[in-house]
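A short worksheet on the structure shown next.
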Amino acid sequence: MSEERRMRIGVVGYGHIGKYLVDKIVREGANHSMELAFVWNRRREKLSGAVDPRLQLQDLSDCQRWAADLIVEVAHPCITREYGEKFLSVAHFLVGSPTALADTVTEAKLRERARLSGNTLYVPCGALWGAEDIFKMAERGTLKGLRITMTKHPNSFKLEGDLVQKNQEAMSNRTILYEGPVRGLCPLAPNNVNTMAAACMAAHTLGFDGVVGVLVSDPSVPDWHFVDIEVTGGTIEKTGQVFSVKTSRRNPAAPCSVTGSATFASFWSSLLACKGHGGRVYIC
């Protein structure tokens, strides 16, 4: 009997999550019928001595030459905006920075490219608890509201715009940095609110304009990331009762880290789920 063909994985980005995924694929990939196709990083010197030179991709425009079955982006939203269509034209694509999809043009282009290519645009749950249930409610038309509050230490944020100053002023007191539609928050905290962006994709009937994001800077939680999710469903006309779900996720995190410890394992689980689901968006 011939050996089962291994799925070839290309990893774009070699930060904390990228390195974690590369190491997992090298150590455990064979157990899951997968192997490393290539690794790309903006700073190539970071790959030196860590990744086999034969697997180091120099130019993302040449990604098709490496025959990857799945390309995983864990670098920065700008990579998905610039190369997402290219990735989807040659492979399934796991977008690890879904804040990129807050840009309406990018989201529309990637949805269309997935449809035309037959490849799947995967959106990982990350720190989002209950993504599948949120998606099911959206599909049934019963999802009426979604609010996500993320709380981290001020040093765990990488912010843009006026949130930089607000966060600096929050070093001594708990401060709400932002409260409003997630679409407006994504450009201001592109590395920190991927969980919210994933929620917007799951809650597709609300989207980036309908899902409310609350970003809280709290100096009293140096080694935790908190994610509180409030889901609102329909109302029973006769009684006025409203369906609702509230979850609180407490994720241990190294001081000053952007990503909580449990999120790494969640990414690996998402990657293992990327087996091809047709030309559409799939929450995993």
Side-chain angles (χ1 to χ4, degrees), residues 5-22 24-25 29 32-44 46-47 51 54-126 186 190-191 194 197-198 200-202 204 208 266-284:
R5 181 185 180 277
R6 295 181 180 179
M7 174 179 277
R8 292 173 52 77
I9 314 294
V11 179
V12 177
Y14 197 70
H16 293 300
I17 293 180
K19 183 179 185 304
Y20 169 83
L21 293 178
V22 168
K24 289 282 281 187
I25 294 169
H32 302 282
S33 297
M34 63 174 59
E35 64 184 13
L36 201 59
F38 67 78
V39 182
W40 176 92
N41 195 59
R42 182 177 59 84
R43 293 171 52 202
R44 289 179 54 199
K46 194 172 182 179
L47 303 179
V51 177
R54 295 172 297 179
L55 298 176
Q56 295 181 22
L57 174 62
Q58 298 183 21
D59 187 348
L60 287 175
S61 298
D62 293 331
C63 63
Q64 75 279 1
R65 296 173 56 187
W66 297 72
D69 299 297
L70 171 69
I71 297 176
V72 182
E73 176 275 308
V74 281
H76 190 275
C78 67
I79 298 297
T80 289
R81 286 194 293 269
E82 185 172 354
Y83 294 100
E85 281 189 281
K86 173 74 171 181
F87 295 159
L88 272 171
S89 68
V90 299
H92 301 301
F93 178 36
L94 177 65
V95 53
S97 303
T99 51
L101 303 175
D103 177 70
T104 55
V105 174
T106 299
E107 181 186 359
K109 284 183 176 180
L110 294 191
R111 284 184 180 275
E112 180 65 4
R113 179 54 57 188
R115 185 185 70 82
L116 293 175
S117 68
N119 290 320
T120 306
L121 174 61
Y122 288 102
V123 179
C125 295
C186 286
N191 297 103
N194 285 304
C200 294
M201 296 299 288
H204 58 86
F208 285 89
S266 176
F267 259 89
W268 177 244
S269 296
S270 294
L271 190 154
L272 293 179
C274 299
K275 301 297 185 182
H277 291 80
R280 62 186 176 116
V281 175
Y282 189 87
I283 311 297
C284 60

Which value, rounded to the nearest 0.5 Å, describes the distance between [X] atom [atom1] and [Y] atom [atom2]?
{"X": "H92", "Y": "M7", "atom1": "NE2", "atom2": "CE", "answer": "5.5 Å"}
{"X": "L121", "Y": "C274", "atom1": "CG", "atom2": "SG", "answer": "10.0 Å"}
{"X": "L36", "Y": "M34", "atom1": "CG", "atom2": "CE", "answer": "10.5 Å"}
{"X": "N119", "Y": "S89", "atom1": "CG", "atom2": "OG", "answer": "8.0 Å"}

Of T80, V72, I79, which meets side chain to side chain contact (heavy atoms under 4.5 Å, CB included) against V95?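 Among T80, V72, I79, the one that satisfies the side chain to side chain contact (heavy atoms under 4.5 Å, CB included) with V95 is T80.
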
Is the backbone of [Y] close enough, under 3.5 Å, to the side chain of [X] for a donor and an acceptor to pair up by distance?
{"X": "S33", "Y": "R6", "result": "no"}
{"X": "E73", "Y": "F93", "result": "no"}
{"X": "S117", "Y": "L88", "result": "yes"}
{"X": "R42", "Y": "A75", "result": "no"}
{"X": "D62", "Y": "R65", "result": "no"}
{"X": "K46", "Y": "Y14", "result": "yes"}
{"X": "Q56", "Y": "R44", "result": "no"}

Which heavy atom in [X] sits nearest to a heavy atom in [Y], and how many Å separate them?
{"X": "T99", "Y": "P77", "result": "OG1-CG, 3.1 Å"}
{"X": "P124", "Y": "S270", "result": "CB-OG, 3.7 Å"}
{"X": "G10", "Y": "A68", "result": "N-CB, 4.1 Å"}
{"X": "V74", "Y": "G96", "result": "CG1-CA, 4.4 Å"}
{"X": "G84", "Y": "L110", "result": "C-CD2, 3.4 Å"}

Report yes if the side chains of [X] and [Y] come closer than 4.5 Å at any heavy-atom pair, otherwise no.
{"X": "M201", "Y": "L101", "answer": "yes"}
{"X": "V12", "Y": "Y83", "answer": "no"}
{"X": "L94", "Y": "C284", "answer": "yes"}
{"X": "L47", "Y": "L55", "answer": "no"}
{"X": "Q64", "Y": "K86", "answer": "yes"}
{"X": "T104", "Y": "F208", "answer": "no"}
{"X": "L70", "Y": "L271", "answer": "yes"}
{"X": "V11", "Y": "I25", "answer": "yes"}

With the threshold set at 4.0 Å, does a side-chain nitrogen-carboxylate oxygen contact exist between R115 and E112?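 Between E112 and R115 there is a salt bridge, with a charged N closer than 4.0 Å to a carboxylate O.
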
Is it the case that more than 12 heavy atoms not belonging to [X] sit under 6.0 Å from its [atom1] atom?
{"X": "K109", "atom1": "NZ", "value": "no"}
{"X": "K24", "atom1": "NZ", "value": "yes"}
{"X": "H32", "atom1": "NE2", "value": "yes"}

Report the residues that fulfil ring-ring contact (aromatic ring centres under 6.0 Å, His included) with Y282, sequence neighbours left out, ordered by chain and then residue number.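 Y282 satisfies ring-ring contact (aromatic ring centres under 6.0 Å, His included) with Y122, H277 once adjacent residues are dropped.
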
